[in-house]
Every structure is written in C-alpha cells, then in structure tokens.
Amino acid sequence: MIKITLPDASVREYPKGVTGMDIARSISEGLARNVLAVKVNSEVWDAGRPINNDATIKLLTWNDDAGKATMWHSTAHLMAAAVEQLYAGAKFGIGPDIESGFYYDIDLGDRTITTDDFAQIEDKMMELIKEKHEFERRDISKSDALAYFTKKGDEYKIELIEELADGEITLYQTGEFIDLCRGPHLPDSSYIKAVKILSVAGAYWRGDEKRKQLTRLYGISFPKRKELDEYLVMMEEARKRDHRKLGKEMELFAFSQQVGMGLPLWLPKGAQLRERLEAFLKKVQEEAGYEPVITPHIGNVNLYKTSGHYDKYGKDSFRPIETPQEGEAFMLKPMNCPHHCEIYKVIPKSYKDLPVRFAEFGTVYRYEQSGELHGLTRVRGFTQDDAHIFCTNDQVKDEFKGVIDIILLIFKALRFDDYICQISLRDKADKVKYIGNDANWEKAEQAIIEAAAEKGLKTTIEYGEAAFYGPKLDFMVRDALGRKWQLGTIQVDYNLPERFDLEYTGSDNQPHRPVMIHRAPFGSMERFVAVLLEHCGGNFPLWLTPEQVIILPISEKYNIYAEKVLKLLKNSDLRAKIDCRNEKAGKKIRDAEINKIP
RNA sequence: GCCGUUGUAGCUCAGGGGUAGAGCACUUCCUUGGUAAGGAAGAGGUCACGAGUUCAAUUCUCGUCAACGGCUCCA
C-alpha cells in the first residue's frame, strides 16, 4: 500500500500502482468523468499512469490550467493524426499547448493548407474523437526511437531525439499516429467535445530564421460544445475592439503609405485625446516634483557611442544622418535617456539637490522590422511619457514608491482594475553579466521589493529578467477581455551614470555616483491609447472622450435654440456639438450612439 | 527581415479577359419631425503601382509597395 495525500491534506491508502483515475473513481464517479490529468508531487501525469510511491496528488480538471493544457496538448496530437491521414508524408515538428489552445508545426512538402481546408481537418478530428482513441504511453530506448522516426523519414523528430538522453524518451500513440512526447495526455480522445482550427501561419523550425519554415496550425478545443461557442463569441468581441478598427472608425489616427509604415498620423480627435492624457500626467508629475525638459529629435552619434546604445543597437537603427559638410553624423533619437544625462551634467549637483526628476514627452524613432509593425502597439516613431530620476542609493525606494503612486493613479482614472506587477531581478547564478556593484544591486532589488510590498502590490518575482543595467518593475494590465498587456515600467540604471560620468557632491564633500531611474507610466502614448481603446471598446471615460455631448434638434426650427444650449455647455467647459443635419431624431440618436458619444 | 494571405468608391465588400457594382457615408431637393436608419435624385473609381502575355488586362503571369496572420526581434 502507498499513502496518497490529497489537496485538503487528507491521506488515503491505495495499493501500489494505483492511478489518478482510480483515485478519482474512489472519490466520486462525477469527478472521474472530469479528470483530465493528475499532478503527482510537482509533475503532471496521465490519469492512467500507475503511481508506485507515496505521493501528494491533485486531480486536474478543466478548471485547472494544467488540465486545460493537457486537453489542448492532446488535441494537438489528434490534429497531427488527422493531418497525417489527410496529407500522407507530412512531417511533424513540435506541437505544444499554449496560453489558449495549441499549435502544431508541420512540414507538408510542396503542399499548403489554407483556411478552406480547416473544416476537412476538423471533421477528421471529430471522426477520430468518436473512435475514442487512447493516448497510449510507451517508454522506448533512444535507438528504437531513432529507428522508428528514421524509417518514417521525419528528420525533425530525429533531431529532437538526438538531444535527449537514453532512458527519458517516451512515445504516445493515438490511433495510427505515434509521436515523440513526454506527455501527459488525456485518458482518451472522447474527453474532447469540440475542436476548432483557428489559423495557419509560417513558423521557423526551432524559431531560427535561417532554418526551414514550417506550416503552423493553431487550434483550440473544449470539453463542451457550449464553451467553444462562447470562446468564438469572445473572439468576435475582441475583433470588434481591435484598436486599429476603432481608431479608424472613431477618426483617432491613421497611417499613410506616403508618410511611411509604422509612422502614425494623429487625427484631430486622436490628438485631442492624447493631449488630454498628457495634460493629466503633466499635472500629476508637477505635483510630484518633476521638472519638464525638452530635448532635440536628433543627437550626435557620439552621444549614443557614449551611452553604449550605438554599439548595441546601432546596426538595427535608422541610418545616421550625414551633414553636407563637416562630416558630422546624427542619429534620430531612439531614446531620451542620454539627452537627460547631458542635462543633468549642465549644473553641478550637490546631495541637497537630489533627487532631480526630468520629465519629457519625448518622441523617439526606432527601426522596427517591417513585419513587426502592428497598429499603434508597435510603430517606428512614438512618444514616451519619459522621465529620469537621479538620486542616491538611499532614495531609490522612496522614488519607486512615488512612481508606483503615479501609475496606480492612472490605472484608477482609466479603470484598469485588474493588473499585476512583475519584479525583474538578476539571475542569481550568473551575476557577472550585470553592470554595477553587487552591494548596490542588492540594495536596489531590496528597495523595489519593499516599495512594492509597502504599496500593497500583488507581485511576481522573475529572476534573470532584469536588464543588464539594472532591476525593474513592470505593470501588466488585463483588458476587459482578459488579454494581458505590459504598460508602465520603472527601471533602475547603474550603467548610464557610469558612462556619462554623472556625479554629485556628497555631505562628505566627495564626488558620488547617482542612481538613475527610468520610468514611463503609460509606456508610450501610442501603445497606451491602443490598449485603452481595446480596454474600453472605444467608450472612453467622460473626461477623456473627444465629444462629451451632442445636441439633437428635432427640426431646423430649433437650431437657434440648440446654438444657445451649445454655448451654455461650452461655457461650462463641456465639449459639445450640434447635429443639425436634416434628419429625424431617431437617425440622429442612432448615429450618436454609433459614434460612441456618451 | 522571413513564410503565407490580401489589395476594386471615403468605409464595408461583391464581381470578373471586352475599360466596373451594392450598402453605408457625401451633395442637392422633398419632408419639419419626439427617442436606434423618412423619401428622391446626384456626384464619386487609371480596380495599389510597374512590367509581361494577349487583338484586348481591373481580371492571367512576374516584380514592387502596403495591409493582415504568424515567426524572429523589441534600448
């Protein structure tokens, strides 16, 4: 007998070799029907895999992320099985579950799959599901695994197996389809009730752009038909909220081939919106002791050589601008920090002057690969709500708290209620790749953790995610549809003060190095407006919306009175307009509604 | 940048080797109205751009550009 500890800490005894499914059945039939996999100690196992030692287990259902992952991973196998039947000779790369659904990378040779083929593949998958195939696990030696896939002619699997050690290779068989896989999988295919292939795209084998591009099929599956329908409705809702679509409809911004890709044009209503956001933050920053500065849109290449950005990003930037004479070279400003460092240096600083906080809505230009551009979220020219705080090591914590306050104020004003914070720290095992001394890092990391805790933030800590120049705190928000976006960021920087030789005179009358903090509560105006648009579906809070009120006269006879009302509203600082078109009230109401006038 | 898909009126889209269509938007006229589309007429397009095939190309082929879906990347 072995001892099985359940999540409620109760311990039950079962014979050696008991499976998750057996345990579920011993609790209730209903539970057994819903069990997709089982977590044994810290590993997720097949529900049918024998447990031979004492263990702490958790039965996983659709309500657990790992349960969903198991279903999606199994469905990926099923899709591969269907594709193999329909496209003889197809070779398979990898097919994992992802945040929502799964994909499989497939080499189809000369053939292609288009959206028109999805239905056929889905039908075949449903056929396989009805045949109730098991996902049969099999331990196999490395040489046998290689022999099988060599015979099959699947060089991708062979490459994967080559990298594995003998003794840790398992295969899973579903019907005719045999895949290299560590599992776990569903007990059998009948647990899947609804499948949908979502999209097809190219993806490099192993993410390497020098290697062959495979066909990647994305899909999703559910334990109930109804859940698939709900998911599809939600996707439809997300499409309606796409900021590119809303931005066009609401006349906020546009792009022009003439101006160039990735270079947004802000239309009057969009510019108004953006300026209102900027004014909001400027006021908050003024109260928080920030001083506005303004710097040029270009800078001498030497500036970026000093900052180190030229070495790191120079070849991926817009090419330097050469002057007709003098042999000078300038870069379009890719970030504001070096300029702010130069501002810091203009006037000698004492410890009594710190912290200094330079703020600028600084427009920067970065060369992004053409395929990366996406609406307002990824552009080649954008404006950061940037500021740089220069302070002492001891002031880092308070400055972080001050910035957190600003970010939370913004989130509150714009109704981002659901956010999480990620603290990115050094990789403990590999401290050498970071610049700056150990004691300061330690202090700053501690300061961030404490500042976040004292502000009551819900945080996750990621080791190894820090930038080489310092630790950081990032804010991610969930929008109304549950999608995650990274917005505000606060970063400590030990690198630039060093490179620019920034100093202040301490109370000991000796020169000291200040710490620099980069921060941008919005991130960039472009990105923030995009996220905000999708978050509120275009229905901005009243204070932000371009047109707050519309007056709808019932007939032309009342236009003069409407003008009077308009004046009253404008005198009260309300943004209003009159719809004096020769239309009926019903039509005007409908149009105002469509135009999202609150 | 790479792979794939797409490009027809301001917008959303249909069509298709013989130089173009709908709905909405727009203009004018009629209607002067009561809570989500009143009626009529009109204007508007080098069918992304450049080559090629053809008697003839918006349609077929190739190239360029751009958008979209991914991949890779993101100071």
Side-chain angles (χ1 to χ4, degrees), chain A residues 93-94 98 103 105-108 111-117 198-218 239 242 244-245 247-251 254-263 267 304 307-317 331-338 362 364-375 377-380 382 384 386 467-470 472 486 489 491 493 495-496 499 518 520 523-524 527 550 552-559 579-595 597:
Chain A
I94 56 166
I98 52 176
Y103 66 78
D105 285 344
I106 307 162
D107 182 352
L108 294 160
R111 288 161 297 182
T112 56
I113 288 180
T114 70
T115 48
D116 297 336
D117 303 318
L198 297 170
S199 63
V200 57
Y204 301 110
W205 170 233
R206 317 211 83 177
D208 183 343
E209 60 183 317
K210 291 185 184 62
R211 306 195 64 178
K212 184 159 181 175
Q213 192 148 31
L214 308 178
T215 301
R216 176 170 294 181
L217 276 181
Y218 285 89
R239 269 191 283 278
D242 188 318
R244 294 166 300 182
K245 180 175 144 71
K248 194 190 259 185
E249 285 171 6
M250 298 174 73
E251 298 174 10
F255 292 90
S256 146
Q257 286 191 30
Q258 289 276 20
V259 174
M261 60 168 89
L263 298 169
L267 308 183
Y304 305 106
S307 71
H309 291 111
Y310 187 84
D311 280 344
K312 205 164 161 60
Y313 298 104
K315 51 187 182 310
D316 298 319
S317 296
M331 306 275 294
L332 279 168
K333 179 166 74 177
M335 78 290 297
N336 304 297
C337 355
V364 298
Y365 299 91
R366 295 178 184 177
Y367 173 78
E368 304 287 359
Q369 299 188 84
S370 59
E372 305 313 320
L373 302 171
H374 180 90
T377 53
R378 195 77 186 272
V379 288
R380 284 177 166 176
F382 58 97
Q384 296 177 304
D386 213 355
F468 75 93
Y469 51 76
K472 59 182 180 176
Q486 188 191 316
T489 177
Q491 307 185 6
D493 188 343
N495 181 42
L496 289 183
R499 284 179 164 271
H518 308 253
S524 84
R527 193 179 160 79
I550 189 159
L552 311 179
I554 286 158
S555 103
E556 283 167 16
K557 286 189 288 200
Y558 308 112
N559 281 357
D579 183 353
C580 55
R581 290 176 307 162
N582 183 4
E583 297 289 352
K584 300 211 175 198
K587 170 79 166 162
K588 291 182 181 183
I589 290 165
R590 178 184 150 83
D591 286 349
E593 190 62 41
I594 288 169
N595 289 323
I597 297 170

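Bear in mind the structure is a predicted one, so any value in this text is a computation, not a measurement.
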K.L.:
Go through B/rG1, B/rG70, B/rA75 for me and flag the one nearest to the A/Arg216 side chain.
P.N.:
B/rG70

K.L.:
On a whole-Å scale, what distance lies between the P atoms belonging to B/rA36 and B/rG16?
P.N.:
40 Å

K.L.:
Just call it for A/Ser317: base, sugar-phosphate, or nothing, with non-hydrogen atoms closer than 4.0 Å on any strand.
P.N.:
base

K.L.:
For B/rA43, give its Watson-Crick or G-U wobble partner with both distances under 3.5 Å, or none.
P.N.:
none

K.L.:
Can you see if the side chain of A/Tyr365 gets near the phosphate of B/rC74 - specifically, an N or O under 4.0 Å from OP1 or OP2?
P.N.:
no

K.L.:
Under a 4.5 Å cut-off applied to non-hydrogen side-chain atoms, are A/Ser307 and A/Lys312 in contact?
P.N.:
no

K.L.:
Report the base-pairing partner of B/rA56 (Watson-Crick or G-U wobble, both distances below 3.5 angstrom), or none.
P.N.:
none

K.L.:
Write down the partner of B/rC62 under the Watson-Crick or G-U wobble criteria, each distance required to be under 3.5 Å.
P.N.:
B/rG50

K.L.:
With a non-hydrogen cut-off below 4.0 angstrom, is A/Met335 in contact with a base, only sugar-phosphate, or nothing?
P.N.:
base

K.L.:
Can a donor-acceptor pair under 3.5 Å be found between the side-chain atoms of A/Arg380 and the base atoms of B/rC74?
P.N.:
no

K.L.:
Could you work out which one of B/rC68, B/rU72, B/rG33 sits closest to the side chain of A/Arg244?
P.N.:
B/rC68

K.L.:
Measure the CG-CZ distance between A/Leu263 and A/Phe255 for me, rounded to the nearest 0.5 Å.
P.N.:
8.0 Å

K.L.:
Starting at atom CD of A/Glu251, determine the distance to atom P of B/rA25, rounded to an integer number of angstrom.
P.N.:
14 Å

K.L.:
A/Lys248 has a side chain; which of B/rA75, B/rC71, B/rC11 sits nearest to it?
P.N.:
B/rC11

K.L.:
Output yes when at least one side-chain N/O atom of A/His374 is less than 4.0 Å from OP1 or OP2 of B/rG69, else no.
P.N.:
yes

K.L.:
Would you indicate which nucleotide in B/rC65, B/rC2, B/rC26 comes nearest to any side-chain atom of A/Tyr204?
P.N.:
B/rC2

K.L.:
With C1' as the reference atom in both, quote the distance from B/rG10 to B/rG70 in angstrom, rounded to an integer.
P.N.:
31 Å

K.L.:
Could one point to a donor on the side chain of A/Gln486 or the base of B/rC74 with an acceptor on the other under 3.5 Å away?
P.N.:
no

K.L.:
Do A/Arg366 side-chain and B/rC74 base share a donor-acceptor contact under 3.5 Å?
P.N.:
no

K.L.:
Applying a 3.5 Å limit to both distances, which nucleotide forms a Watson-Crick or G-U wobble pair with B/rU32?
P.N.:
none

K.L.:
Would you indicate what A/Tyr103 reaches in the nucleic acid, counting non-hydrogen atoms under 4.0 angstrom: base, sugar-phosphate, or nothing?
P.N.:
nothing

K.L.:
For the C1' atoms, the ones on B/rU8 and on B/rG45, what distance do you get once it is rounded to whole angstrom?
P.N.:
8 Å

K.L.:
If I pick the C1' atom on B/rU46 and the same atom on B/rA37, what distance separates them, to the nearest angstrom?
P.N.:
35 Å

K.L.:
Could you go through nucleotides 34-38 of chain B and list every protein N or O atom that sits under 3.5 Å from one of its N or O atoms, giving the distance for each pair?
P.N.:
residue	atom	partner	partner atom	Å
B/rA37	N7	A/Arg590	NH1	3.4
B/rA37	N6	A/Arg590	NH2	2.4
B/rA37	N1	A/Arg590	NH2	2.9

K.L.:
In whole Å, measure the gap between the C1' atoms of B/rC68 and B/rC29 for me.
P.N.:
43 Å

